[in-house]
Trainee: 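Handing you a structure now.
Chain letters run A, B, ... following the sequence lines, proteins first, then strands; residues in each count from 1. Since we're looking at a predicted model, the values are computed, not measured.
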Number of protein chains: 4
Amino acid sequence: MEFDQHLPIYMQIMHVIKNRIVSGQLRGGDKLPSVRDLAKEFKVNPNTIQRCYQELERENLVFTQRGLGTFVTEDVETIKNLKTGMAQELTQNYLEQMQRLGFTPQEIIKLISTRVNRRDDHD
Amino acid sequence: MEFDQHLPIYMQIMHVIKNRIVSGQLRGGDKLPSVRDLAKEFKVNPNTIQRCYQELERENLVFTQRGLGTFVTEDVETIKNLKTGMAQELTQNYLEQMQRLGFTPQEIIKLISTRVNRRDDHD
Amino acid sequence: MEFDQHLPIYMQIMHVIKNRIVSGQLRGGDKLPSVRDLAKEFKVNPNTIQRCYQELERENLVFTQRGLGTFVTEDVETIKNLKTGMAQELTQNYLEQMQRLGFTPQEIIKLISTRVNRRDDHD
Amino acid sequence: MEFDQHLPIYMQIMHVIKNRIVSGQLRGGDKLPSVRDLAKEFKVNPNTIQRCYQELERENLVFTQRGLGTFVTEDVETIKNLKTGMAQELTQNYLEQMQRLGFTPQEIIKLISTRVNRRDDHD
DNA sequence: GTGGTCTAGACCACA
DNA sequence: GTGGTCTAGACCACA
């Protein structure tokens, strides 16, 4: 068992940015905040943001233009893949944990249906 | 933004034990490992386990008998409530994260149905 | 027979603080001494005071604000309940011990009436 | 503040015996248990009982006859004084604690009357 | 051996 | 400075 498993900060920030991209807060072609600005927003060393942008670029989610900044990819397909990938990871984790609690697939789908419908009604 | 999600160790261990209870690995009346043994298993100070067991007792999930040990509650209702409570928390978190990714309730339920069914086929 | 009545220190200190609250030395909203200060006052380890404050919080007699301190509840009803609860415990113990000495209820009430009246005269 | 105020064991045992005398479990002239027997009953060193009997004799509550044992005084007056003395000590402590909680003499007598009467009804 | 309490002292987040 | 958690290690009562 490990109890200090928390992800490196740069990965946590990558995750936040991916969320913003997938949810449409950041759209294809949008400029990301400057390394310094984002470092301030997250109260984090600029190097950490730098690393974060590097990794995002490696995943083709952003690209940088010397002297201009870092931008969200305009490749719709990449973003779409990101979205489905993240959704599947979330869903897989969720299902695994529910089954570990002893819920059968049928029970899970029933439970989630009622909750989703309830949200439909109220929100 | 918060980058130190670090739940206290004693709570993480509480969570592990709750999982064991809910999943049936630990059944009503079963003896939990001794404070010292579990401390070794988790490579943690006995006081931390002590705190963990105390909190579990406060939640009526276990009871202790001086000089004998700590035991899982025999109250089926309490365990049942724990199970539904944990399931609802997992489900709520899952739904929130999915909606933050931009999935509508309909999309979520569709995605989860297909995955659950796939599991049905393969497992 | 039990000759080690030794109530845990943290409970004894809880009792002291409850007395201060009930008697009005500490009023709703008042800040309690810091964990470290009270530890010095009682010549006791800060952890012991920590435990004490935690239990008091669990009984809703105090609340803590991270980084600011621990404060007496402002809920008048809670304090009132505490007061009557403590009074009843004291009274019950007193009556039990008197009856163990062989005093009948009538004798007890007579004895206490005369003493209380004497106090009335002199104080 | 002192937190390990517990009375010496021999005094605690004196108190128990005084209770037995005052309540009539032990009557004037009755033989007390032998030092050894009482030591067993209280799981205590015989020396402790010896000390206890000595002090009780100093207070004229018991007398010893070489080779026969220790006996409760036959002086009715002494026992009566013991009884009233113990009752007054209990009562005084009770009243002090109640007043420290902020109860007025009138409130105390009212509270105790209702409790005593309730006992009258039910016991 | 079992849990319960306590000390001494560290490090943390929050303000 | 404030409370919160944790370690290392001690001693206790109960069985």
Trainee: Between P on dC6(F) and CD on Glu55(B), what's the gap in Å once rounded to a whole number?
Mentor: 11 Å
Trainee: Hey, which of these two, Pro33(C) or Leu68(B), hits DNA chain F nearer its 5' end, going by closest nucleotide?
Mentor: Pro33(C)
Trainee: Looking for any heavy atom pair under 4.0 Å, which part of the strands does Arg36(B) touch: base, sugar-phosphate only, or nothing?
Mentor: base
Trainee: For Phe63(B) and dT2(E), what is the distance between atoms CZ and C1' respectively, to the nearest whole Å?
Mentor: 14 Å
Trainee: Mapping Asp37(B) and Met11(C) onto DNA chain E by nearest heavy atom, which one lands closer to the 5' end?
Mentor: Asp37(B)
Trainee: Could you state the CZ-C1' distance from Arg66(C) to dC12(E), rounded to the nearest angstrom?
Mentor: 8 Å
Trainee: Could you give all pairs that pass the ring-ring contact (aromatic ring centres under 6.0 Å, His included) test and reach residues 46-70 of chain C, with sequence neighbours left out?
Mentor: Phe63(C)-Phe71(C)
Trainee: For Glu96(B) and Gln92(B), does a side-chain donor sit closer than 3.5 Å to a side-chain acceptor?
Mentor: yes
Trainee: With a 4.0 Å cutoff (strictly under), does any side-chain N or O of Tyr10(C) reach OP1 or OP2 of dT5(E)?
Mentor: yes
Trainee: Please tell me if Thr70(B) has a side-chain N or O lying less than 4.0 Å from either OP1 or OP2 of dG3(E).
Mentor: yes
Trainee: Indicate whether OP1 or OP2 belonging to dT5(F) is found under 4.0 Å from a side-chain N or O atom of Arg51(B).
Mentor: yes
Trainee: Take the protein atom CD of Gln65(C) and the nucleotide atom P of dG4(F), then report the distance between them rounded to whole Å.
Mentor: 12 Å
Trainee: OP1, OP2 of dT7(E) versus side-chain N and O of Thr48(C): anything below 4.0 Å?
Mentor: yes
Trainee: Quick one: is dG3(F) close enough that its OP1 or OP2 comes under 4.0 Å of any side-chain N or O from Thr64(C)?
Mentor: no
Trainee: Figure out the CD1/P separation between Ile49(B) and dG1(E), and round it to whole Å.
Mentor: 18 Å
Trainee: Atom CG of Leu7(B) to atom P of dA13(E): distance rounded to whole Å?
Mentor: 15 Å
Trainee: Search all heavy atoms of Cys52(C) against all heavy atoms of Ile17(C) and return the closest pair with its distance.
Mentor: SG-CD1, 4.0 Å
Trainee: Mark yes or no for a side-chain to base donor-acceptor pair under 3.5 Å between Asn47(C) and dG9(E), with no hydrogen or angle criteria applied.
Mentor: yes
Trainee: Compare side-chain N and O positions of Gln50(C) against OP1 and OP2 of dG4(F) and report whether any pair is under 4.0 Å apart.
Mentor: yes
Trainee: Taking the side chain of Pro8(B) as heavy atoms from C-beta outward, which of dG3(E), dC6(F), dG3(F) is closest to it?
Mentor: dC6(F)
Trainee: Assuming nearest nucleotide by heavy-atom distance, tell me which of Leu32(C) and Asn45(B) is located more 5' along DNA chain F.
Mentor: Leu32(C)
Trainee: Just how far, in rounded Å, is P of dC6(E) from NZ of Lys43(C)?
Mentor: 18 Å
Trainee: Paired stems touching DNA chain E, three or more consecutive Watson-Crick or G-U pairs with both distances under 3.5 Å?
Mentor: E:1-14 with F:1-14
Trainee: Other residues, nucleotides and ligands only: do more than 12 of their heavy atoms fall within 6.0 Å of CZ on Arg58(C)?
Mentor: yes
Trainee: With sequence neighbours left out, write down each residue that passes side chain to side chain contact (heavy atoms under 4.5 Å, CB included) with Leu90(C), or none if nothing qualifies.
Mentor: Tyr94(D), Gln97(D), Met98(D), Leu101(D)
Trainee: Applying a 4.0 Å non-hydrogen cut-off, can you work out what Gln54(C) is touching in the nucleic acid: base, sugar-phosphate, or nothing?
Mentor: sugar-phosphate
Trainee: At what distance, to the nearest 0.5 angstrom, does CE of Met14(B) lie from CE of Met11(B)?
Mentor: 7.0 Å
Trainee: How many whole angstroms separate atom CZ of Phe71(B) from atom C1' of dA15(F)?
Mentor: 12 Å
Trainee: Side chain of Ile9(C), heavy atoms from C-beta onward: which of dT2(E), dC6(E), dT2(F) has the nearest atom to it?
Mentor: dC6(E)
Trainee: Nearest to the side chain of Lys31(B), which nucleotide is it out of dA13(F), dA15(F), dT2(E)?
Mentor: dT2(E)
Trainee: To the nearest 0.5 Å, how far apart are CD in Gln54(D) and OG1 in Thr64(D)?
Mentor: 9.5 Å
Trainee: For the atom pair CD (Glu41(B)) and CD1 (Ile13(B)), what is the distance rounded to the nearest 0.5 Å?
Mentor: 9.0 Å
